[in-house]
There are 2 protein chains.
Amino acid sequence: MARATVQDVAKTAGVSVGTVSRVLNGSPAVSASSREKVAGAIRELNYRPLASARDLRRDRTMRILALAKNLESPVISEAFRGVGDAAARSGYVSLIAPTAGSPDREQQLVDMLRNGSVDGLVLFSPTMPDDDVEALATQLSVVQLCEVAESEAAFGVSIDDRQAARDITRHLIGTGARRLAMIGNRAARSGRLREQGFREALSEAGLEAAQSLFAAGDFDFHAGRRLTRELLAADNLPDAVFCGSDTVAAGCVREITDAGLRVPEDVAVAGFDDSIQAEMCVPELTTIRQPAYEMGRVAFGALLERMTEPGVHRRGRMFLPHELVIRDSTKN
Amino acid sequence: MARATVQDVAKTAGVSVGTVSRVLNGSPAVSASSREKVAGAIRELNYRPLASARDLRRDRTMRILALAKNLESPVISEAFRGVGDAAARSGYVSLIAPTAGSPDREQQLVDMLRNGSVDGLVLFSPTMPDDDVEALATQLSVVQLCEVAESEAAFGVSIDDRQAARDITRHLIGTGARRLAMIGNRAARSGRLREQGFREALSEAGLEAAQSLFAAGDFDFHAGRRLTRELLAADNLPDAVFCGSDTVAAGCVREITDAGLRVPEDVAVAGFDDSIQAEMCVPELTTIRQPAYEMGRVAFGALLERMTEPGVHRRGRMFLPHELVIRDSTKN
DNA sequence: GGGGCGTTTGGAATCGATTCCAAAAGCTTG
DNA sequence: CAAGCTTTTGGAATCGATTCCAAACGCCCC
């Protein structure tokens with residue numbers, strides 16, 4: 001039994017295709033009796049309108065796509081919950097696809113916006129150059145989340161990474177730290193901003209970075225351990241380490257502890273994101289809370305505006321407030 | 001400037017729409033000169049074939065959808081990498097959508113298969129009743145992953161959860177444990193199988209479960225802590241705890257340690273999944289490794305077969321081999 | 001130069017749902 | 001009961017890409 005079409009339903013119900021379509025779309029211009037006959041036929045044939053035919057005619061899909069490098073990051077999955085909930089409330093389905101850091105895969109997925117497979121795109125952490133993001137965003141419905149390109153043409157939602165890094169570094173200095181090191185991620189736009197904030201806080205206090213290390217590949221637990229080993233092997237042991245993520249900070253803490261040193265007495269460690277990792281770590285991590293869920297909601301709001309109001313074109317960058325969360329990894 | 005169509009390209013290139021389409025689809029029956037003219041026009045107009053029109057005509061989308069309750073689980077994201085890579089190799093785009101445990105959301109997403117928005121579906125952890133899974137799978141292209149319904153009509157890929165739980169419980173008993181407790185998740189099919197395996201290993205050894213606790217809501221770090229507190233408050237302190245996931249085990253270890261007891265000397269703890277949490281925990285967790293990536297690949301393979309070979313209909317359940325990984329949380 | 005072959009091309013029909021227009025049906029009121 | 005509404009209906013046109021069929025073209029060889 002092949003798929004039933006609107007024609008089949010019309011025949012079974014004894015009405016025209018127009019009437020069937022009107023029932024499907026809740027048009028008021030249908031008599032109760034027709035509505036009933038059509039509903040019966042739909043049930044009998046187990047009919048569902050074909051998405052591609054409908055999308056073609058309507059010129060929209062009511063679907064959006066969120067692109068992320070991977071799904072493991074707690075901030076990403078939380079932000080996506082925000083996108084998804086907001087989307088659902090507006091009748092959109094939101095889908096996610098990981099690029100796995102492959103430009104080809106990314107291109108293929110961005111093409112889904114270009115070819116109308118989806119109506120809008122949320123970019124989480126593209127490997128795409130800023131120029132490409134800009135070019136895409138000027139023509140189509142795109143919003144950036146967390147990682148925002150330096151561009152006047154595109155729009156993005158994030159926290160003020162620079163300020164947040166400055167805040168947490170100031171806190172470290174406030175607890176008495178003088179030889180501060182950082183473990184960062186220059187591959188990410190946010191990582192570069194956090195580095196800036198770190199350096200600004202230092203020079204404010206008349207200090208210089210003891211060491212700055214940057215991950216080459218992944219920015220994960222193992223990278224945190226590896227880089228911390230380097231840190232400890234060097235001459236001047238830092239008395240505080242600012243890490244670009246909680247997961248990396250957890251690796252850092254682990255390596256320090258394994259080396260027989262105490263956190264925070266010998267070395268204080270700060271994380272970033274306030275993910276569950278921050279609480280799983282012993283001692284629990286001082287970190288920066290990102291309002292990820294809210295960021296997702298706001299991002300979808302902007303995307304919806306872009307999709308439905310062709311005139312409006314929001315630009316630039318919107319900051320949501322972050323929060324310094326102080327826990328045992330830095331108490332003095 | 002509205003979207004360019006195949007007609008526009010044809011006009012600009014000075015050929016017919018048929019020729020444009022043939023170029024688009026790499027038909028050999030096109031002269032080099034036409035091919036070139038069309039390629040030029042496509043570039044000039046920045047043309048992309050509209051997905052809905054193409055899908056309508058071709059009656060397939062080359063897209064699949066993976067449904068999961070959430071994205072945070074490392075096993076899920078790893079399994080999805082496997083699905084995604086295998087799909088890409090066959091020219092499919094694979095998308096993910098979290099249901100957030102909402103049956104409505106789940107229904108909406110499953111409808112994407114019913115209405116032809118995607119060609120196939122990978123079900124990770126549906127809240128859907130077994131009967132519904134079965135009904136869906138008999139008509140459409142569906143494959144289950146990790147959580148597999150008790151049904152002869154549907155097909156699913158997973159490890160042998162019962163056997164794996166038995167293996168790790170035997171190991172606990174082998175290290176001398178006699179008062180074994182478990183923290184499980186009866187809300188998941190896999191959780192129920194793991195409970196079975198746990199009990200089988202116990203009765204094999206002539207033992208009885210000291211305590212068995214089950215999470216009410218989420219099965220996460222906090223649930224692990226909460227349930228372990230209950231465990232410790234009871235009279236007969238267990239000398240080993242089998243946890244249904246690494247994350248829960250991490251919560252368990254944390255609570256035991258905070259109570260001033262030692263892991264594994266006072267209480268041994270075992271996890272499940274061999275996620276990164278198992279390595280982040282101190283001491284590192286003994287656990288069961290699931291070949292998640294491979295499971296994803298295999299699942300897509302089965303789905304592809306189902307989508308492209310209408311005659312074949314694989315049924316039942318396929319087990320991939322698990323592995324007992326022994327670490328410090330249970331050494332004796 | 002023309003017959004016959006294979007290559008290339010144009011154009012119409014098609015996929016399935018929506019929507020617009022005109023016509024039919026139903027209702028009210030003088 | 002007819003004129004004048006409104007409500008409801010049928011059916012054709014439409015969205016954009018693909019594909020099939022027949023026609024046009026090019027080429028070779030006799």
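Throughout, protein chains are lettered first and strands after them, A, B, ... in sequence-line order, and every chain is numbered starting at 1. Small disclaimer: the values here were computed from a predicted structure and weren't measured.
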> Is NZ or CZ of R315(A) both nearer than 6.0 Å to the six-membered ring centre of F155(A) and within 45° of the ring axis?
no
> Would you mind classifying the nucleic acid contact of S21(A) as base, sugar-phosphate or nothing, using non-hydrogen atoms under 4.0 angstrom?
base
> Are R3(A) and N115(B) linked by a side-chain donor-acceptor pair shorter than 3.5 Å?
no
> Give me the bend of the helix from dG1(C)-dC30(D) to dG30(C)-dC1(D), using the axes of the five pairs at each end, rounded to 10°.
50°
> Toward the 5' end of DNA chain D, which comes first, A4(B) or V17(A), by nearest nucleotide?
V17(A)
> Does either side chain, that of D119(B) or that of T61(B), offer a donor lying less than 3.5 Å from an acceptor on the other one?
yes
> Among side-chain atoms of S102(B) and T99(B), is any donor-acceptor pair under 3.5 angstrom?
no
> State whether S31(B) places a side-chain N or O below 4.0 Å from either non-bridging phosphate oxygen (OP1 or OP2) of dT9(C).
yes
> Name all pairs fulfilling the side-chain hydrogen bond (donor to acceptor under 3.5 Å, both in side chains) condition that reach into residues 72-89 of chain B, sequence neighbours left out, sorted by first residue then second.
E72(A)-S77(B), S77(A)-E72(B), R105(A)-D85(B), E78(B)-R81(B), D85(B)-Y293(B)
> Counting any heavy atom closer than 4.0 Å, what does D55(A) reach on the DNA or RNA strands: base, sugar-phosphate only, or nothing?
nothing
> Go through the steps to decide whether R48(A) and D111(B) satisfy the test salt bridge (Lys or Arg N to Asp or Glu O under 4.0 Å), and finish with yes or no.
CA-CA 9 Å; R48(A) 308 269 160 165; D111(B) 264 349; 2.7 Å; yes
> Over all strands shown, is R58(B) touching base, sugar-phosphate only, or nothing at heavy-atom distances under 4.0 angstrom?
sugar-phosphate
> Walk me through whether D55(B) and R63(B) qualify under salt bridge (Lys or Arg N to Asp or Glu O under 4.0 Å).
CA-CA 10 Å; D55(B) 293 346; R63(B) 276 176 257 143; 2.6 Å; yes
> Any chance you could measure Q144(A), atom CD, to L136(A), atom CG, to the nearest 0.5 Å?
9.5 Å
> Base, sugar-phosphate alone, or nothing: which one does V20(B) contact when heavy atoms must sit under 4.0 Å apart?
nothing
> Indicate, with a heavy-atom threshold strictly under 4.0 Å, whether S34(B) touches base, sugar-phosphate, or nothing.
sugar-phosphate
> Anything under 4.0 Å to a heavy atom of chain B counts; send over the first and last such nucleotide of DNA chain D, read 5' to 3'.
dG16(D) to dC20(D)
> Quick one: do the R317(A) and S158(A) side chains pair a donor with an acceptor below 3.5 Å?
yes
> Hey, which sits more toward the 5' end of DNA chain C by its nearest nucleotide, L56(B) or S16(B)?
S16(B)
